[in-house]
Amino acid sequence: MAVTHSAATRNAIADAVLADIDIDAGAGTLEFQTSGAAEVATLTLTDPAGSVSGAVLTFSAITDDTSATGGTVDRFVIKSNLGGDRVLGNVLTSGGDINLSSLVVGVGDTVSISSLTYTAAP
């Protein structure tokens with residue numbers, strides 16, 4: 001049997017993730033990285049980053065990176081405005097924690113995402 005959490009606990013987890021991203025005044029970031037953790041592109045989150053309902057954190061508008069560093073994206077890190085890693089995950093073209101249309105980003109490219117959610121595990 002898999003471990004599960006109550007709805008209240010899942011909602012509390014999602015609230016805690018949001019609080020961790022918004023730990024201080026100022027916006028956090030969504031950073032796309034290579035497998036070696038080199039920055040490929042950094043997008044700025046809204047402050048506050050989003051809102052939670054039903055154990056789902058839905059991020060507000062995310063500002064495009066219009067001048068990417070470039071590279072092959074393997075993972076992402078959501079950071080607080082203080083810079084600490086808060087959420088980490090993989091990036092693929094399909095079936096990833098975040099899906100991009102292409103994992104190869106050229107120097108100076110614009111990188112954008114249309115929506116982002118985080119769901120606390122059941």
Side-chain angles (χ1 to χ4, degrees):
M1 179 175 178
V3 173
T4 60
H5 298 95
S6 70
T9 298
R10 292 177 58 224
N11 206 57
I13 291 168
D15 282 333
V17 169
L18 177 59
D20 204 22
I21 295 166
D22 289 336
I23 195 164
D24 199 6
T29 58
L30 167 62
E31 185 175 298
F32 291 106
Q33 299 178 342
T34 66
S35 60
E39 177 205 359
V40 175
T42 300
L43 291 71
T44 303
L45 304 174
T46 303
D47 183 24
S51 60
V52 174
S53 177
V56 177
L57 164 55
T58 301
F59 286 84
S60 300
I62 300 172
T63 304
D64 300 349
D65 182 342
T66 58
S67 183
T69 305
T72 301
V73 177
D74 177 72
R75 64 190 205 163
F76 73 90
V77 178
I78 296 176
K79 299 182 177 192
S80 74
N81 66 312
L82 299 176
D85 295 355
R86 302 304 192 217
V87 179
L88 299 104
N90 69 350
V91 179
L92 300 168
T93 56
S94 177
D97 295 318
I98 291 180
N99 298 314
L100 296 178
S101 58
S102 174
L103 300 180
V104 178
V105 176
V107 174
D109 281 356
T110 295
V111 177
S112 62
I113 59 172
S114 57
S115 64
L116 183 63
T117 59
Y118 166 90
T119 303

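The structure displayed is predicted, hence computed values, not measured ones.
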Is any side-chain heavy atom of I78 closer than 4.5 Å to one of I21?
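The answer is yes, as the side chains (C-beta and beyond) meet within the 4.5 Å cut-off.
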Do V91 and N99 touch side chain to side chain, with heavy atoms closer than 4.5 Å?
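The answer is no, as the side chains (C-beta and beyond) never meet within the 4.5 Å cut-off.
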Start with the C-alpha distance between T110 and T66, add both sets of side-chain angles, then the distance that settles side-chain contact (heavy atoms from CB on, under 4.5 Å), and finish with yes or no.
CA-CA 4 Å; T110 295; T66 58; 4.0 Å; yes
Evaluate the side-chain contact (heavy atoms from CB on, under 4.5 Å) criterion for residues T29 and L43: first the C-alpha distance (whole Å), next the side-chain angles of each, then the deciding distance (0.1 Å), finally the verdict.
CA-CA 6 Å; T29 58; L43 291 71; over 6 Å; no
Has [X] got a side-chain atom pairing as donor or acceptor with [Y]'s backbone, closer than 3.5 angstrom?
| X | Y | result |
| --- | --- | --- |
| N11 | A8 | no |
| S6 | T9 | yes |
| D65 | S67 | yes |
| R10 | H5 | no |
| S102 | V104 | yes |
| D109 | G106 | yes |

Cluster overlap V87 with V52, hydrophobic side-chain contacts below 4.5 Å:
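They do share one cluster, since a chain of ILVMFWY contacts under 4.5 Å joins V87 to V52.
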In terms of hydrophobic clusters joined by side-chain contacts under 4.5 Å, are L18 and V77 together?
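No; V77 is not reachable from L18 via cluster members.
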For residues 29-49, which residue pairs qualify under salt bridge (charged side-chain N to carboxylate O under 4.0 Å, His left out), counting only residues two or more places apart or in two chains?
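Non-adjacent pairs meeting salt bridge (charged side-chain N to carboxylate O under 4.0 Å, His left out): E31-K79.
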For L88 and F76, run side-chain contact (heavy atoms from CB on, under 4.5 Å): C-alpha distance rounded to whole Å, both residues' side-chain angles, the deciding distance at 0.1 Å, then the answer.
CA-CA 6 Å; L88 299 104; F76 73 90; over 6 Å; no
First locate atom [atom1] of [X], then atom [atom2] of [Y], and finally report the distance between them rounded to the nearest 0.5 Å.
| X | Y | atom1 | atom2 | value |
| --- | --- | --- | --- | --- |
| D24 | L82 | CG | CG | 5.0 Å |
| L57 | I13 | CG | CD1 | 12.5 Å |
| L100 | L92 | CG | CG | 9.0 Å |
| L45 | S60 | CG | OG | 9.0 Å |
| I62 | L30 | CD1 | CG | 6.0 Å |
| R86 | N81 | CZ | CG | 8.5 Å |

Can you name the nearest heavy-atom pair linking A41 to V111, along with the distance?
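Here A41 and V111 meet closest at CB-CG2, 3.7 Å.
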Minimum heavy-atom separation for I98 and F32, please, with both atom names.
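Result for this residue pair: CG2-CE2, 4.0 Å.
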Which of these, T34, D74, T93, sits in a side chain to side chain contact (heavy atoms under 4.5 Å, CB included) with L103?
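When side chain to side chain contact (heavy atoms under 4.5 Å, CB included) is applied between L103 and each of T34, D74, T93, only T93 qualifies.
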Non-neighbouring partners of R75 that pass side chain to side chain donor-acceptor pair (under 3.5 Å), sequence neighbours left out
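Q33.
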